[in-house]
Amino acid sequence: MSVLTGLQPSKVLDIFEQLCAIPHGSRNTKAISDFCVRFAQERGLRWIQDDSNNVIVFAPATAGMEHAQPIMIQGHLDMVCEKAPDCDIDMQTQGLRLKTDGEWIWADGTTLGGDDGIAVAYALAILDDATIPHPALEVVLTVDEEIGMLGAAAIDLSEIQARRVLNIDSEEEGVLLASCAGGATVDCFMPVMWTLKDGLRVTVKITGLRGGHSGTEIDKGLANSNKLMGDLLHKMDEEFAFALCIVDGGLKDNAIARETAADIVILPERLDDLKILAARQQEAYRVQYGASDPDITIEVTESMEDRFEVMIGDCRRNVLSVLQQVPNGVQKMSEDIDGLVQTSLNFGMLSVDFRGVHMKFSVRSSVNTAKQELIQKLADICGRFGGYCQVEGEYPAWEYKQDSRLREIMVDVYTRQYGRPPVVAAIHAGLECGLLSGKLEQLDCISFGPDILDIHTTRERLSIPSVQRTWNFLLGVLAQCD
């Protein structure tokens, strides 16, 4: 029995429920891609499905709209699959268990996939209803957005005519996004040679940090444990000799690091000096980051006296120099949009193997040249001390468009429907609009969507009244496109 029967907009939510019955986590999109193809076939619409499972569906303009420029409606087919520890659903093979109270929709024990299933539902509902006025439509449904926008990077858009894009991949009603950051993962490597050293092995660990998303929270002044460790090791080096065994911190390049540990070898008689320095620096960091990270803690744990493998002196000095000098955090604010971070980087991961020290950074900027300059700065710092950098997963910025006819239409429609203007904003994180803009010249994009709370978590929920209002808004925009 349908869980969402009787809720409005009925066609949108009926399709959404059908999508939720299909497993569609990232890298598991064949079934949902085939569903969209069958949907197009049953309605006699032209479609393209590529080897990545991206789908494009073409629909002709409705009567009276033949003169209007074609419009692309764009969203992604994959979802983030997370579930509660006691949830017995196999998200690779089973659909979601939807729940509703008439105001919200959620999934029992798992993520909901409103990001971005609601975009797919909106698009298919329009294709299903010949009475909805619209220009010629090109519905572009990509895959694997949640793991690096892989579908958008691979898709062939050579048959796309539209230069106006409605990207339905935002989660706050009343906010029209007009720009997003481009980004890249930069993997910096410092080669290391090893030797043996006698002494007391000690673990120094920085904990108690909040962490956060390196795009949307980079401007909150949050402490980064990898960067703090670089500073702490440098201050230790100024006060007493030590050898470095390993250093390890952070879980993802795009998450602000919360914990970092280093194993060092010192003379046993310097242990008290180390503890005094650690206490002093803990207090200094708590003062410096009191507003965001008041619970920063530096733990010193002694292990044993023995002979240990450590970095050769010159290698250790090079590593410490790089850890101290690499930038982190906000580098420049936008000159076009108040309060928007233009350029930043996050020192997300730090690790050591037998070859050397690995440092992973998430670099973001809404200006492509600024992103490249920051990548080059990292390469220059590492190169100065014998290291090098590799760039992975690069995607372009979606730069703010001063003159946007699509934005004008959407602001006008929103203001008439809601009685107030929308917020036009930008986001310091990646959206597929950046990759699409890199493939299609003169693209005019806006990203929007209904209210979805706590995305990517088992608390994710979708507002039904917001889905209805956003549906009305979308139809209003399509009817006004010229």
Side-chain angles (χ1 to χ4, degrees), residues 1-40 42 49 53-55 57 73-84 86-129 139 141-147 151 168-171 173 449-471 474:
M1 179 179 176
S2 172
V3 175
L4 306 183
T5 297
L7 300 176
Q8 299 296 326
S10 58
K11 175 58 68 174
V12 174
L13 294 179
D14 174 64
I15 294 174
F16 180 74
E17 188 162 8
Q18 292 180 59
L19 296 171
C20 289
I22 304 169
H24 58 283
S26 301
R27 299 195 190 280
N28 186 30
T29 55
K30 178 63 169 144
I32 196 169
S33 177
D34 288 346
F35 174 89
C36 295
V37 168
R38 288 193 302 272
F39 193 96
E42 291 167 0
Q49 182 184 44
N53 295 323
N54 295 307
V55 175
V57 181
I73 298 178
Q74 196 268 321
H76 60 87
L77 294 169
D78 63 313
M79 65 174 284
V80 171
C81 290
E82 294 289 341
K83 64 180 184 177
D86 59 349
C87 179
D88 62 356
I89 290 178
D90 181 353
M91 298 187 77
Q92 278 288 113
T93 61
Q94 295 176 277
L96 309 178
R97 299 169 183 161
L98 296 189
K99 300 284 187 180
T100 183
D101 60 4
E103 291 290 320
W104 298 91
I105 301 168
W106 65 93
D108 184 20
T110 68
T111 41
L112 174 66
D115 172 22
D116 196 24
I118 195 60
V120 183
Y122 278 144
L124 297 185
I126 292 168
L127 296 177
D128 188 54
D129 190 343
V139 174
L141 305 174
T142 56
V143 298
D144 299 340
E145 188 270 352
E146 300 291 2
I147 54 173
I168 311 176
D169 193 16
S170 298
E171 297 86 32
E173 183 185 356
D451 288 333
I452 311 175
L453 304 184
D454 296 321
I455 63 168
H456 302 176
T457 76
T458 57
R459 303 183 305 279
E460 181 184 0
R461 54 202 185 277
L462 174 64
S463 167
I464 297 170
S466 183
V467 168
Q468 176 70 75
R469 291 189 297 267
T470 303
W471 172 244
L474 172 58

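Everything numeric here is computed off the predicted structure, so don't read it as measured data.
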Q: Go through the steps for Val55 and Val139 under the test side chain to side chain contact (heavy atoms under 4.5 Å, CB included), then give the verdict.
A: CA-CA 8 Å; Val55 175; Val139 174; over 6 Å; no
Q: Heavy atoms only: give me the nearest Ala125-Val12 pair and the separation to one decimal.
A: CB-CG2, 3.8 Å
Q) Where the side chain of Glu460 meets the backbone of Leu453, is there a donor-acceptor pair that is under 3.5 Å apart? A) no
Q: Report yes if the side chains of Asn54 and Ser33 come closer than 4.5 Å at any heavy-atom pair, otherwise no.
A: no
Q | Test: Lys83 and Asp108 ion pair at under 4.0 Å | A | no
Q | Any residue meeting salt bridge (Lys or Arg N to Asp or Glu O under 4.0 Å) with Asp454, in chain and number order, not counting sequence neighbours | A | Arg459, Arg461
Q: For the pair Leu4 and Asp14, evaluate side chain to side chain contact (heavy atoms under 4.5 Å, CB included) and give the outcome as yes or no after the intermediate values.
A: CA-CA 7 Å; Leu4 306 183; Asp14 174 64; over 6 Å; no
Q) Could you give the distance from OG (Ser170) to CG (Asp116), rounded to the nearest 0.5 Å? A) 9.0 Å
Q: Quick one: do Arg27 and Asp78 satisfy side chain to side chain contact (heavy atoms under 4.5 Å, CB included)? Show the steps, please.
A: CA-CA 8 Å; Arg27 299 195 190 280; Asp78 63 313; over 6 Å; no
Q.
For the backbone of Gly75 and the side chain of Asp169, can you confirm whether one donor and one acceptor N or O come within less than 3.5 Å of each other?
A. no
Q) Would a 4.5 Å heavy-atom cut-off, applied to side chains only, mark Ser26 and Val80 as touching? A) no
Table please: side-chain donor-acceptor pairs of residues 462-470 below 3.5 Å, with sequence neighbours left out.
residue	atom	partner	partner atom	Å
Ser463	OG	Ser466	N	3.2
Ser466	OG	Glu173	OE1	2.7
Ser466	OG	Asp451	N	2.9
Gln468	NE2	Asn472	OD1	3.3
Arg469	NE	Glu173	OE1	3.4
Arg469	NE	Glu173	OE2	2.8
Arg469	NH2	Glu173	OE1	2.9
Thr470	OG1	Ser466	O	2.8

(Q) I'd like to know if the side chain of Glu17 and the backbone of Leu13 have a donor-acceptor N/O pair within less than 3.5 Å. (A) no
Q: State, yes or no, whether a side-chain contact exists between Met91 and Thr110 at a heavy-atom distance under 4.5 Å.
A: yes
Q: Flag the pair Cys81 / Met79 as yes when at least one side-chain heavy-atom distance between them is below 4.5 Å, and no otherwise.
A: yes
Q. Would you call Val120 and His76 a side-chain contact if the rule is heavy atoms closer than 4.5 Å?
A. no
Q.
Are the side chains of Leu96 and Thr111 in contact, using a 4.5 Å heavy-atom criterion?
A. no
Q: Please lay out, stage by stage, how Lys11 and Asp128 fare under the test salt bridge (Lys or Arg N to Asp or Glu O under 4.0 Å).
A: CA-CA 9 Å; Lys11 175 58 68 174; Asp128 188 54; 3.1 Å; yes
Q) Restricting to pairs with a member in residues 103-128, which pass ring pair (Phe, Tyr, Trp, His ring centres under 6.0 Å), not counting sequence neighbours? A) Tyr122-Trp471
Q: Indicate yes or no: at least one non-hydrogen side-chain atom of His24 is less than 4.5 angstrom from one of Leu77.
A: no
Q.
Whether Asp34 and Lys30 form a salt bridge (side-chain N of Lys/Arg under 4.0 Å from carboxylate O of Asp/Glu) is what I want to check.
A. yes
Q. Side chain to side chain contact (heavy atoms under 4.5 Å, CB included) between Leu112 and Thr458: does it pass, once the steps are laid out?
A. CA-CA 7 Å; Leu112 174 66; Thr458 57; over 6 Å; no
Q.
Could you check whether any side-chain heavy atom of Arg97 comes within less than 4.5 Å of a side-chain heavy atom of Ile89, counting everything from C-beta outward?
A. yes
